[in-house]
**Student:** 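The following block contains the structure, expressed as structure tokens.
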Amino acid sequence: MGQPNNLYFTLLFLLFSLCWAQRTNPDSERSSCNRCDLRLSCNCSHGGFTYIPTVTDRALTLDLSFNNITMVTLDDLTGHMRLKALSLHGNRIAVIHPSAFDSLWSLEDLDLSNNQLTALNHKWFSKLGALQRLNLLNNPYSCLGSPPVFESLVRLRRLGFGGPALKELKRVDLSGVTQLEELTVHTNSLSRYESGTLADIWPLGRVTLSLHGPFENVELASAVLGDVSYPETHIVLEDLHLYRNESVQPFRETARRRVRYISFHNLSVSDEAIVDLLVVMNGSPLTSLIMDGVTLTGEGRWEPASWTDQKCIDEFYVRNVVVLNIWKFTSFLQLGFLLQYPRKVSVINSKVFVMPCPTSHLLVNLQYLDLSDNLLTDMTLAETLCNGDGTLKDLRVLNVSRNTLKSFASVSRLVVKLSKLTHLDISGNGYISMPQSCSWPTTLRYLNISRAKLISITPCLPATLEVLDLSYNDLSEFILHLPALRELHLSGNKILMVPPGGMFPNLQTLMIQSNTLNMFSQSDLQSYARLQSLKAGENKFVCSCDFVAFIQTVMKGDGDVHLIDGEESYVCDSPLYLQGELVGQVHLSIIECHQVLFVSVSCGVALFVVTLVGVLMWHFHALWYLKMTWAWLKAKRNSRKRRQRRDREDSEVLISYDAFVSYSERDASWVENYLVPELEEPSENDENTVNARRSQPLTLCLHKRDFLPGHWIVDNIMSAMERSRRTVFILSENFVQSDWCRYELDFSHFWLFDGNSGGDAAILILLEPLSKDDIPKRFCKLRQLMSSTTYLEWPQEEERIGEFWRSLRNALRGEEEDDN
Ligand SMILES: *[C@@H]1O[C@H](CO)[C@@H](O)[C@H](O)[C@H]1NC(C)=O
Ligand SMILES: *[C@@H]1O[C@H](CO)[C@@H](O)[C@H](O)[C@H]1NC(C)=O
Ligand SMILES: *[C@@H]1O[C@H](CO)[C@@H](O)[C@H](O)[C@H]1NC(C)=O
Ligand SMILES: *[C@@H]1O[C@H](CO)[C@@H](O)[C@H](O)[C@H]1NC(C)=O
Ligand SMILES: *[C@@H]1O[C@H](CO)[C@@H](O)[C@H](O)[C@H]1NC(C)=O
Ligand SMILES: *[C@@H]1O[C@H](CO)[C@@H](O)[C@H](O)[C@H]1NC(C)=O
């Protein structure tokens with residue numbers, strides 16, 4: 001029985017621990033997000049987080065948008081006292097702890113939009129005294145709840161609330177909210193509105209209302225609209241569908257309250273409704289009518305409204321217009337009664353391929369015409385501008401960007417008679433080249449030809465320009481004198497060098513990022529007399545020392561020029577080991593930066609050391625010592641070889657001389673005239689013929705006579721000494737000064753002290769009195785020898801010569817003398 005029981009408990013325990021792990025893991029091991037930049041802005045958006053990750057307490061901005069976060073617990077945000085902006089947009093948050101935001105004292109911006117909050121809690125916001133922007137849009141709560149949620153937000157300036165489920169708004173809901181720059185309310189499903197709910201907010205800069213549902217009910221829509229309508233308030237209405245006489249009636253309220261700015265976003269409207277709207281708006285001071293995203297249905301019958309008074313209308317702006325059944329529309333010319341008033345007309349991205357010349361004639365007050373993002377060609381633009389005859393004589397701004405224009409000469413011809421034209425935007429067209437010369441209105445100050453396909457520029461560009469935009473073309477250089485130019489945009493070309501500043505004496509702003517610049521320098525910028533702002537990042541920078549140092553001083557703000565793009569746009573492309581590093585953070589060493597100086601200094605030092613060593617060596621005869629050591633090493637090796645050979649044979653056999661005579665060339669006459677005859681050919685009448693053996697001739701080895709020609713001299717000396725019983729040194733001033741003798745002497749030294757031949761192998765003959773102190777110090781061995789070995793002195797007196805020879809012979813015969 002015991003065993004199954006155990007098993008059962010083990011299973012239970014396992015199951016329990018599994019559950020426990022699942023429950024605690026997210027809490028105990030909260031994932032973290034380190035995506036913070038230098039300005040302490042942490043972007044943890046799209047991070048796949050299911051809980052709020054840990055982020056540094058010092059963060060100022062925290063973007064947690066587009067994650068899968070479902071709740072905000074009590075501890076998730078504790079410690080973030082410095083946080084200024086928090087975005088939780090686009091998560092699945094359904095639960096927020098009442099005190100979750102309590103520590104966010106500095107929070108100015110809170111975005112909770114697009115979540116799953118089914119109810120709001122006033123406690124969330126009770127400690128957020130600094131909050132200025134709050135976004136609660138697109139959550140499924142059906143009312144704002146009580147007590148009033150916004151009451152403690154005394155500094156609130158921008159508020160957004162509402163969503164698909166918001167059904168009801170009561171007067172108390174917005175208590176505490178009194179003054180807003182911007183209010184956004186999504187109330188497409190609103191069914192109950194307590195009149196006056198939004199009426200206490202004033203001044204109100206801009207109100208955006210989604211009122212699709214309420215517009216089905218004239219009274220409801222009128223009540224809402226009436227509460228926010230002020231002459232200075234910009235009213236934006238979203239998602240409206242205006243198709244019947246009734247649906248435009250709420251605008252009576254805006255007309256009555258003298259609203260001047262109305263925008264429609266995502267509007268679906270019929271021609272009839274427009275006529276009714278014009279009737280409702282008759283005589284109202286509406287100055288600006290903006291429609292973005294319009295679907296137009298009907299047949300285009302506008303005449304019924306032609307009697308209305310719209311003379312206040314100043315700006316008419318439509319964008320993204322879709323005309324259903326366009327073939328049914330008879331003509332827009334019936335709207336002619338409206339065209340005489342506005343000074344600003346924009347028809348953008350609405351598939352306009354022509355505005356007929358007669359329509360242009362009607363636009364008598366027009367100063368600003370924007371037909372960008374349409375289908376105009378060179379030919380239809382000629383029709384629109386009545387072939388350049390100067391219609392639209394008051395036009396100051398013409399924007400025909402992003403059409404399909406190709407001829408630069410044609411556009412210049414068409415606008416030349418627009419004698420007030422200051423701004424011309426022909427960007428995003430297909431210009432490839434420009435003629436050598438063109439004529440322009442003398443008033444033209446601003447020309448935008450960005451995002452065309454120009455490969456070069458010519459003096460066709462007017463000299464009156466103050467702002468010229470040529471970014472995103474294919475230019476490789478820009479050289480043209482433009483005396484009035486203040487702003488030049490050349491980004492996104494293939495420019496290799498900063499244009500010469502002398503051409504633009506008044507230039508204040510230069511944009512030249514995303515080109516192929518390798519570097520630029522102080523002098524490049526100094527050639528611009530008035531440059532203040534420069535944007536030059538995203539180029540292929542070669543991080544030389546000069547460039548890095550220069551950019552770093554500019555970044556610090558020293559100097560007149562200010563870099564308006566961030567530090568992170570300046571990245572090294574080469575050398576390879578710096579590729580990808582920020583120019584502002586590169587540290588180059590002194591060696592890299594002052595190579596010439598470094599090389600010269602190190603060469604100088606090296607030269608000095610070599611010279612010094614040379615001088616020292618010369619002074620201390622080091623070369624001589626070196627030569628000696630080397631020669632000695634070599635000779636010693638040879639000598640060892642010889643000795644090995646000799647050991648194998650009989651040593652006596654190899655002795656071929658009685659003495660090797662070492663002497664200076666200058667003492668040669670003494671050796672040849674006295675020594676050799678006396679020792680090698682002893683005379684019959686010598687006093688010492690008594691002992692026959694003593695007068696036997698001795699064989700001498702003389703380098704002059706007996707050295708093998710072609711052998712190395714030290715080797716010769718070595719072998720001569722080895723093959724001789726004794727070495728006789730003829731010492732004189734000359735000996736000491738002669739190089740040859742130094743070798744011989746020294747080798748005899750080494751030989752002697754090698755110990756094979758004993759101390760008596762050397763015999764010194766002093767030809768002239770020579771004290772030990774006359775011998776240079778470096779011949780220390782010789783000096784040592786002179787003090788240890790007795791030496792023979794060549795007598796100055798005639799009578800002592802015989803005695804000298806005797807002593808010498810005895811010394812040469814060695815032990816024979818000892819026998820005596
Ligand atoms: C965070 O990054 C996303 C793209 O991943 C970007 O859309 C968003 O604007 C960034 N947020 C901030 C605050 O810079
Ligand atoms: C969130 O979770 C759902 C499934 O629960 C998944 O399909 C989706 O990709 C996740 N989103 C993100 C941003 O991770
Ligand atoms: C435009 O408004 C209609 C209601 O009139 C709505 O159904 C639609 O989703 C809106 N479109 C956009 C892009 O908001
Ligand atoms: C539209 O309705 C208003 C009042 O509801 C009415 O006075 C007006 O005549 C109607 N207009 C048209 C064209 O039916
Ligand atoms: C012309 O229109 C484009 C696109 O609508 C806009 O970006 C540009 O600023 C306009 N140019 C002028 C001079 O207003
Ligand atoms: C030139 O036009 C482009 C749009 O085509 C716009 O983005 C740019 O800001 C304009 N340049 C200037 C200097 O206004």
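In each ligand, atom 1 is the first atom listed, and ligand 1 is the first ligand listed.
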**Student:** Would you say Asn266 and Asp239 are linked by a side-chain donor-acceptor pair, where the criterion is simply a distance under 3.5 Å?
**Tutor:** yes

**Student:** Does the protein put any heavy atom within less than 4.0 Å of atom 14 (O) of ligand 5?
**Tutor:** yes

**Student:** Using a strict 4.0 Å threshold on nitrogen-to-oxygen distance, state whether Asp378 and Lys406 make a salt bridge.
**Tutor:** no

**Student:** As an exercise, identify every atom of ligand 4 less than 4.0 angstrom from a heavy atom of Asp276.
**Tutor:** 13 (C)

**Student:** Do me a favour and list the nearest non-hydrogen protein atom to atom 3 (C) of ligand 3 with residue, atom name and distance?
**Tutor:** Asn266 ND2, 3.6 Å

**Student:** For atom 4 (C) of ligand 5, grab the closest protein heavy atom and report residue, atom and distance to one decimal in Å.
**Tutor:** Arg402 NH2, 3.2 Å

**Student:** Number the atoms of ligand 3 from 1 as they appear, then name those within less than 4.0 Å of a heavy atom of His212, with their elements.
**Tutor:** 4 (C), 5 (O)

**Student:** Only heavy atoms of Ser401, strictly under 4.0 Å: list the atoms of ligand 5 that pass.
**Tutor:** 1 (C), 2 (O), 3 (C)

**Student:** So, Glu181 and Arg206, do they make that salt bridge, N to O below 4.0 Å?
**Tutor:** no

**Student:** May I ask you to decide whether Asp394 forms a salt bridge with Lys420, counting only side-chain N to carboxylate O separations under 4.0 Å?
**Tutor:** yes

**Student:** Which is it for Val279 and ligand 4 at heavy atoms under 4.0 Å: side chain, backbone, both or neither?
**Tutor:** neither

**Student:** Within the side chain of Ser372, is there an N or O that forms a donor-acceptor pair under 3.5 Å with the backbone of Asn399?
**Tutor:** no

**Student:** Below 4.0 angstrom, N of the basic side chain to O of the carboxylate: do Asp474 and Lys494 qualify?
**Tutor:** yes

**Student:** Please determine if Arg252 has a nitrogen or oxygen closer than 3.5 Å to a nitrogen or oxygen of ligand 4.
**Tutor:** no

**Student:** Need the ligand 5 atom indices (1-based, order shown) with element for anything under 4.0 Å from a heavy-atom of Tyr368.
**Tutor:** 14 (O)

**Student:** Looking only at protein heavy atoms, which one is nearest to atom 9 (O) of ligand 5, and what is the separation?
**Tutor:** Asp425 OD2, 4.5 Å

**Student:** With the threshold set at 4.0 Å, does a side-chain nitrogen-carboxylate oxygen contact exist between Asp373 and Arg402?
**Tutor:** yes

**Student:** Report yes or no: is the cationic atom of Lys344 (NZ for Lys, CZ for Arg) closer than 6.0 Å to the six-membered ring centre of Tyr368, at no more than 45° off its axis?
**Tutor:** yes

**Student:** Can you tell me which residue and heavy atom of the protein come closest to atom 5 (O) of ligand 5, and the distance to 0.1 Å?
**Tutor:** Ser372 OG, 3.2 Å

**Student:** Do Arg486 and Glu466 meet the salt-bridge criterion of a basic N to acidic O distance under 4.0 Å?
**Tutor:** yes

**Student:** Any idea which atoms of ligand 3 are less than 4.0 Å away from a heavy-atom of Asp239?
**Tutor:** 1 (C), 2 (O), 4 (C), 5 (O), 10 (C), 14 (O)

**Student:** For atom 10 (C) of ligand 5, which candidate among Asn399, Leu424, Val467 provides the closest heavy atom?
**Tutor:** Asn399

**Student:** Please confirm whether Phe251 and Phe264 have ring centers closer than 6.0 angstrom.
**Tutor:** yes

**Student:** Using a distance threshold of 4.0 Å (strictly less than), state whether atom 7 (O) of ligand 4 has a protein heavy-atom neighbour.
**Tutor:** no

**Student:** When you compare the side chains of His234 and Ser263, does any donor N or O come within less than 3.5 Å of an acceptor on the partner?
**Tutor:** yes

**Student:** I want to confirm something. Looking only at heavy atoms, which of Val218, Asn245, Val275 is nearest to atom 12 (C) of ligand 4?
**Tutor:** Asn245

**Student:** Once you restrict to heavy atoms under 4.0 Å, what part of Gln249 touches ligand 4? Side chain, backbone, both or neither.
**Tutor:** side chain

**Student:** Mind checking whether Asn448 contacts ligand 5 via backbone (N, CA, C, O), side chain (CB onward), both or neither, at a 4.0 Å heavy-atom cut-off?
**Tutor:** neither

